[in-house]
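Below, chains carry the letters A, B, ... as their sequence lines are ordered, and counting in each starts from 1.
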2 protein chains.
Amino acid sequence: MHVRDTQESGTRARTRQAIIDAAIEVLGQNPTASLGEIAVAANVGRTTLHRYFPERSDLLKALSAEGMSRLDRAADNARLDEGTGADALRRLCHEYFELGSLLSLIFSEPQLIDDADWSEQGACDPRLRTLVERGHRDGTIDPELPATWVQSVLWSQLYAGWSYLADTHISRYEALRLVARTLGGAIAPKG
Amino acid sequence: MHVRDTQESGTRARTRQAIIDAAIEVLGQNPTASLGEIAVAANVGRTTLHRYFPERSDLLKALSAEGMSRLDRAADNARLDEGTGADALRRLCHEYFELGSLLSLIFSEPQLIDDADWSEQGACDPRLRTLVERGHRDGTIDPELPATWVQSVLWSQLYAGWSYLADTHISRYEALRLVARTLGGAIAPKG
DNA sequence: CTACAGTGGAGCACCGGTGTTCCACAAGGG
DNA sequence: CCCTTGTGGAACACCGGTGCTCCACTGTAG
């Protein structure tokens, strides 16, 4: 078949996805993992990995795209424009928590995701910014907290919850409950 | 001078400390930094660094000891047995925040200070545990939050605050205020 | 002045990860 | 059946960090 096979389903697309998935998993655990380890995790030879991603940086670029895409989907699922700001943030937290290992990866390699769209200083996802500003207005998010800080708190709590889940033998549900509870308190307007 | 020079003040002790301080700074920024970079930051030749710490692991052991010592001093300064649980935690947060780069280092290399004293599963600083339990009893810390989770939240907030301070051009005072505010809300008992 | 502690540059071998090439093998489509 | 596509083992050179040795330099105590 002489087709160009850019993004249609096929052997190549499946292998490529397997490598990306494995990379997220492995690099999430250990950001300095070698390409060999990633190849093993993907059930693929190192040669094959190099065929798809000639240089390490090529793989990282693909991971960046994949990460952004998953973040976008999660944000869509959270229906950020419905309900109060705090409720929307809670839903976003829930959706992000499902991202699993990707949380660790993003946390240890923030530059993978630091979208160039966001202004250089005080970078912040614009959707999150509007969400927080809505929360400020509707009185469900502490107006003393800038959107950028709310974003920091959200991510640090997510990461804490995810590693807490990995370190202890708590259930996924319980971990998310703890995160939601502390995050809710953290952003709530104070007396 | 044929003295043993174990921990008295002297050229060796000063050089050794300079290396340790530089290592905390450099490794806090980039956990994969080379020994050469650390030596440069310490204004010391790589040869000298190797004289004090023959292997990388030796330096890491020294960093572990130094880190523990600073943590202990910070905890002492916080007078953890005075006032309510929440107040003590707030003071501890304040003291820890002063640790600066050490926060990043501990956060990226937790095994450096994961004290073997702490029980393997659900590891937790015993002083923090008693503090949190006091907070549970005196009604200033949400009884739904186990001590281990409070510890996770404390550290993740400290790290978030520290990197927020590094990323934005906010004042140290403002950053600490944000951390204290969100941490306070996070652990507060919920209506 | 002499002796010695402390330093640090230069150079070396070693090791692991990387990027690349070559070739053998299996599956499926003409 | 042959030929293309995808694969992956093996081997190679390269590079950077590491651990080590040797030696020249400086400063200070005796």
Side-chain angles (χ1 to χ4, degrees), chain A residues 1-64 104-105 108-109 111-112, chain B residues 1-64 104-105 108-109 111-112:
Chain A
M1 52 160 97
H2 292 240
V3 291
R4 213 47 202 104
D5 187 23
T6 351
Q7 53 211 19
E8 73 208 270
S9 81
T11 308
R12 292 198 58 93
R14 253 182 296 112
T15 310
R16 184 186 150 92
Q17 195 57 43
I19 293 174
I20 290 179
D21 291 345
I24 290 176
E25 212 66 35
V26 171
L27 293 179
Q29 298 290 324
N30 169 22
T32 68
S34 72
L35 297 181
E37 297 177 61
I38 296 174
V40 169
N43 281 312
V44 150
R46 198 167 66 91
T47 308
T48 300
L49 194 154
H50 266 95
R51 213 188 316 272
Y52 285 82
F53 307 100
E55 302 199 357
R56 187 177 236 270
S57 63
D58 296 321
L59 176 57
L60 293 186
K61 256 186 291 185
L63 285 183
S64 171
S104 311
L105 182 58
S108 52
E109 308 285 333
Q111 72 283 12
L112 269 188
Chain B
M1 55 159 97
H2 293 242
V3 292
R4 211 51 200 99
D5 188 23
T6 354
Q7 52 211 23
E8 73 208 85
S9 80
T11 307
R12 292 196 58 91
R14 251 181 298 113
T15 312
R16 184 187 150 92
Q17 195 57 43
I19 294 174
I20 290 178
D21 291 346
I24 290 177
E25 213 65 35
V26 172
L27 293 179
Q29 297 290 327
N30 168 21
T32 69
S34 72
L35 297 181
E37 298 177 60
I38 296 174
V40 169
N43 280 312
V44 148
R46 197 167 67 91
T47 307
T48 299
L49 195 155
H50 266 88
R51 214 187 317 272
Y52 284 82
F53 305 101
E55 302 200 357
R56 188 176 236 269
S57 63
D58 296 320
L59 176 57
L60 293 185
K61 257 186 290 187
L63 285 183
S64 171
S104 312
L105 181 58
S108 53
E109 307 286 334
Q111 73 282 14
L112 267 189

Item checked: Distance (rounded to the nearest 0.5 Å) between Asn30(A) CG and Glu37(A) CD -> 6.0 Å
Would you kindly give the [atom1]-to-[atom2] distance between [X] and [N], to the nearest whole Å?
{"X": "Arg16(A)", "N": "dT5(D)", "atom1": "CZ", "atom2": "C1'", "answer": "18 Å"}
{"X": "Arg12(B)", "N": "dT28(D)", "atom1": "CZ", "atom2": "P", "answer": "18 Å"}
{"X": "Leu60(B)", "N": "dT18(D)", "atom1": "CG", "atom2": "C1'", "answer": "13 Å"}
{"X": "Leu49(B)", "N": "dT18(D)", "atom1": "CG", "atom2": "P", "answer": "10 Å"}

Check: Could you run down nucleotides 19-27 of chain C 5' to 3' and tag each one B, S or - for protein heavy-atom contact under 4.0 Å?
Finding: BB-------
Can you tell me if [X] touches the phosphate of [N], counting only side-chain N or O atoms and a distance under 4.0 Å to OP1 or OP2?
{"X": "Thr11(A)", "N": "dG6(D)", "value": "no"}
{"X": "Tyr52(A)", "N": "dG6(D)", "value": "no"}
{"X": "Thr15(B)", "N": "dG6(C)", "value": "no"}

Taking the side chain from [X] and the backbone from [Y], do they hold a donor-acceptor pair closer than 3.5 Å?
{"X": "Ser64(B)", "Y": "Leu60(B)", "answer": "no"}
{"X": "Gln29(B)", "Y": "Val26(B)", "answer": "no"}
{"X": "Thr48(B)", "Y": "Val44(B)", "answer": "no"}
{"X": "Asp21(A)", "Y": "Ala18(A)", "answer": "no"}

Checklist line | Worked check of side chain to side chain contact (heavy atoms under 4.5 Å, CB included) between Ile20(B) and Phe53(B) | finding: CA-CA 10 Å; Ile20(B) 290 178; Phe53(B) 305 101; 4.0 Å; yes
Margin query: Under 4.0 Å, counting only non-hydrogen atoms across every strand here, what does Ser34(A) touch: a base, just sugar-phosphate, or nothing?
Written below: sugar-phosphate
